[in-house]
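Every value quoted in this text rests on a predicted model; they were computed, and no experiment measured them. Sequence lines set the chain letters: A, B, ... in the order given, protein chains first and strands last, and positions in each chain run from 1.
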Amino acid sequence: MNILAGLNPAQKEAVEAIKGPVLILAGPGSGKTRVITQRVAYLVKECGVSPRHIMAVTFTNKAAREMTERLNKLVSTAVKQLTMGTFHAICARILRQDGEALGIDPHFVIYDDDDQISLIKKCLQELNLDPKQNSPSAIQNKISFAKSQVIDPQEYLTRARSYFEEVVGRVYERYQQMIKENTALDFDDLLMQTVQLLKNHPKIRTQYQERYLHLLVDEFQDTNMVQYELIKLIGGKHRNICVVGDPDQSIYSWRSADLRNILGFEKDFPEAKVILLEQNYRSTKTILAIATNIIEGNKERKPKDLWTENEAGEKATIVETYNEQEEAQFVVSEVDKLVRARHFQLGDCAVMYRTNAQSRALEEAFIRYGLPYKLVAGTRFYERKEVKDIIAYLRYIQNPNDGVSLHRIINVPGRGIGQRTLSELNSLAKSLNTNESETLQMMAAGKIEKMPFNSRIAQSLASFTTMINELREKSKEVSLTELFDMVTENSGYKDFLTNDKEGEERWENILELRTVAKEYGELPPPTGLAAFLEGVTLVADVDSLDGSTDAVTLITLHQAKGLEYPAVFIVGMEEGVLPHLRSFDDPAQMEEERRLCYVGVTRAKQKVYLIRAFRRNLMGGNLVNEPSRFLKDIPKELIVTAGTIANEESIANAISSWNKTAVFEPTTEIPEFKAGDRVKHARFGEGMVVSYQTIKNDAEAVVAFNGIGVKKLLLSFAKLEKI
DNA sequence: CGAAAGGCTCTTTTT
DNA sequence: GAGCCTTTCG
């Protein structure tokens with residue numbers, strides 16, 4: 001197969017320009033992913049470059065995986081030898097390999113935001129600073145930003161311009177010590193320390209420079225300073241660096257991503273070839289025109305000429321509904337229409353929103369009407385308490401120095417070890433000049449003469465230590481799944497959840513985590529645990545998005561970057577939501593909101609809906625928001641409107657007329673049930689009817705499904721069978 | 001020590 | 001509305 005076949009001239013140029021630096025500015029839908037993949041294939045197949053010498057950085061693990069799959073089809077040579085992944089994943093690998101030069105223990109654990117906050121709180125406590133005056137999350141932000149600029153605590157302190165920054169500097173200093181004491185690294189450390197490693201150790205730097213002769217960076221507009229620094233360190237010598245990005249899709253400035261990297265690239269690599277990919281293969285002319293009109297509202301940008309040979313397609317539908325419930329209902333009914341009356345499948349549709357909180361109303365509607373959906377991140381799976389608890393057990397088993405995890409689990413489930421005991425333990429550890437974990441060991445071994453604890457607490461601490469030691473021993477022998485089961489069992493966590501009615505759902509989350517652990521079951525004992533822990537910390541929620549099940553996708557606009565769907569619904573097109581309230585007083589942020597909207601619209605291939613609610617519940621309050629300013633930028637001839645509800649007085653009317661015109665026409669007769677009936681549902685399986693009531697010409701049943709929980713279903717929609 | 005209740009704050013987006 | 005913290009009581 002000819003690798004260059006089917007590429008347009010610009011794409012071809014982008015694939016073939018393998019010598020020297022290249023900047024590819026790729027509009028949405030311009031075949032960017034294809035170009036990157038073909039480029040790697042071209043390097044390997046046509047130019048005889050060993051995959052060993054290629055590093056490809058992607059934005060998510062999912063993108064990396066997909067690229068591997070595509071490459072496997074294009075080239076037969078060991079794709080495994082490619083270095084591919086997110087910056088964080090690649091850096092973690094480098095630091096485990098060579099971090100010892102910086103005094104980094106190769107068995108470090110990775111701390112996420114949550115762990116960072118715990119650690120910062122601990123620092124504040126030690127430094128006698130009030131967490132109310134010095135918000136831990138604000139400090140975390142500052143530290144994170146500093147690290148993204150490769151500023152260490154000493155430098156930060158000399159630069160401090162305000163009292164708060166001085167506080168941050170002091171916390172930062174202690175924080176880094178504690179990170180080290182815990183044999184941990186946080187997300188930002190992964191990047192910063194790698195840069196420091198390569199900067200200060202010429203031998204190691206040369207080694208990496210000589211290995212990676214070709215560098216490829218996707219989503220370059222969303223890289224930050226450390227990341228760019230890293231690219232320059234590794235690729236600065238041979239200069240075969242290819243970066244791909246679209247300034248109009250830069251939406252991560254809050255994560256310190258810096259658009260200036262794109263400008264910087266042209267300055268740092270003046271010989272760079274700049275290639276524009278402007279032909280769009282994804283969307284209809286209408287969608288592209290809408291997107292262009294929206295993005296042209298930004299002042300700080302270079303104009304671009306996007307064009308497409310695709311057909312004009314349908315107009316966009318702009319909808320006003322009364323509130324977010326009705327908004328969700330509209331989405332459901334419209335999806336249903338698309339699926340029934342046209343050639344769309346559920347999986348062709350995606351609903352996008354600005355904030356995660358917006359998913360709730362949508363989810364409720366999808367459940368109510370029994371329409372299958374997949375939620376990319378509600379409360380994110382790996383951030384759930386129970387999931388983090390079990391991970392903390394495993395982390396502590398792997399790394400006895402991980403004090404953050406120890407604190408998390410020592411009294412969960414309750415073992416009578418409270419705040420006082422912990423601070424006693426802490427001072428005891430200090431007086432012994434060791435950490436808490438070691439102190440526990442000494443206590444269990446009876447090596448401590450003056451015990452500050454009463455016998456009941458001493459017993460409790462000792463049995464905790466024994467349990468951990470046992471698990472730690474086992475972790476070297478048994479498979480990860482076995483270890484997992486022992487952890488949930490021996491820790492009492494299983495009983496803790498399963499004895500509690502409310503714990504059932506949480507227990508199921510743990511079982512879900514177990515299936516993730518299973519994937520690492522093949523690996524020999526200690527490696528399986530390590531690989532699992534690393535995988536689990538560096539995942540993104542989109543990573544788990546699978547395309548195989550036919551269901552509507554609910555996703556944030558940020559997560560939607562890089563994806564495409566035939567039909568896209570953007571909800572919450574209101575001032576304060578999109579654009580978000582927080583951007584009102586900052587023009588730069590407002591431009592980012594606009595880009596976010598642009599990203600959303602350009603995900604659509606055929607049909608786009610822009611929906612807003614007249615009223616919306618936000619943070620407890622009920623607000624009336626103006627339509628989003630972005631809607632005003634769309635030419636009238638490109639849109640049709642629907643469902644306009646002018647004012648509150650007309651609501652009652654509107655809602656009743658809505659019900660009449662809605663598509664939820666009973667397809668069959670409404671079945672009758674009574675409480676206690678056993679029923680079956682295509683998606684939720686078997687269950688029992690809890691309650692049943694008729695509503696107008698429909699009926700609503702509340703059903704408790706086995707192993708799933710209680711769901712409210714509208715019977716004209718959800719097919720429920722009596723069994 | 002832990003459970004329950006009440007009060008407080010902060011609410012964007014995520015590797 | 002949720003999560004976090006503090007207070008209070010058993």
Q) Contact class for A/Gln589 (heavy atom, under 4.0 Å): base, sugar-phosphate, or nothing? A) base
Q) Does C/dA2 have a Watson-Crick or wobble mate here (both distances under 3.5 Å), and if so which one? A) B/dT9
Q: Answer with base, sugar-phosphate or nothing: what part of the nucleic acid does A/Arg360 contact at a heavy-atom distance below 4.0 Å?
A: sugar-phosphate
Q. Do we get A/Arg96 above A/Phe108's six-membered ring, with its NZ or CZ under 6.0 Å from the centre and within 45° of the axis?
A. yes
Q | Value in whole Å for how far the P atom of B/dT13 lies from CG of A/Leu581 | A | 13 Å
Q.
Without decimals, in angstroms, what is the distance between A/Glu324 CD and C/dG1 P?
A. 10 Å
**Q.** Any A/Thr556 side-chain N or O less than 4.0 Å from OP1/OP2 of B/dT14
**A.** yes
**Q.** Note: A/Glu66-A/Lys62 ion pair, threshold 4.0 Å (strictly below)
**A.** yes
Q: Report yes if a side-chain nitrogen or oxygen of A/Gln559 is closer than 4.0 Å to either non-bridging phosphate oxygen (OP1 or OP2) of B/dT13; otherwise report no.
A: no
Q | Base of B/dT13 and ring of A/Tyr252 stacked, centres under 5.5 Å, planes under 30° | A | no
**Q.** First of A/Asn411 and A/Glu593 reached from the 5' end of DNA chain B, by closest nucleotide
**A.** A/Asn411
Q: Quickly work out the A/His407 NE2 to C/dC4 C1' distance and round it to whole Å.
A: 18 Å
Q | Atom-pair distance (NE2 on A/His88; C1' on B/dT15), nearest Å | A | 4 Å
Q. When you check the gap from the basic side-chain N to the acidic O, do A/Glu219 and A/Lys32 get nearer than 4.0 Å?
A. yes
Q: Give the rounded distance in Å between these two atoms: CD of A/Gln140 and P of B/dC10.
A: 15 Å
Q) Rounded to whole angstroms, how far apart are CG on A/Asn356 and C1' on C/dA2? A) 14 Å
Q. Between A/Ala613 and A/Asn323, what is the shortest heavy-atom contact and its length?
A. CB-C, 3.6 Å
Q | Gap in Å between the two C1' atoms, one belonging to C/dC4 and one to B/dT13, rounded | A | 22 Å
Q: Mind checking A/Asp113 for me? I need base, sugar-phosphate or nothing, with any heavy atom below 4.0 Å counting as a touch.
A: base
Q | Spacing between A/Gln227 atom CD and B/dT14 atom P, to the nearest angstrom | A | 16 Å
Q) How long is the line joining CZ of A/Phe59 and P of B/dT14, in whole Å? A) 10 Å
Q. Just checking A/Lys121: base, sugar-phosphate only, or nothing, at a heavy-atom cut-off of under 4.0 Å?
A. sugar-phosphate
Q: Would you kindly say whether A/Tyr175 and A/Asp186 are connected by a side-chain donor-acceptor distance under 3.5 Å?
A: yes
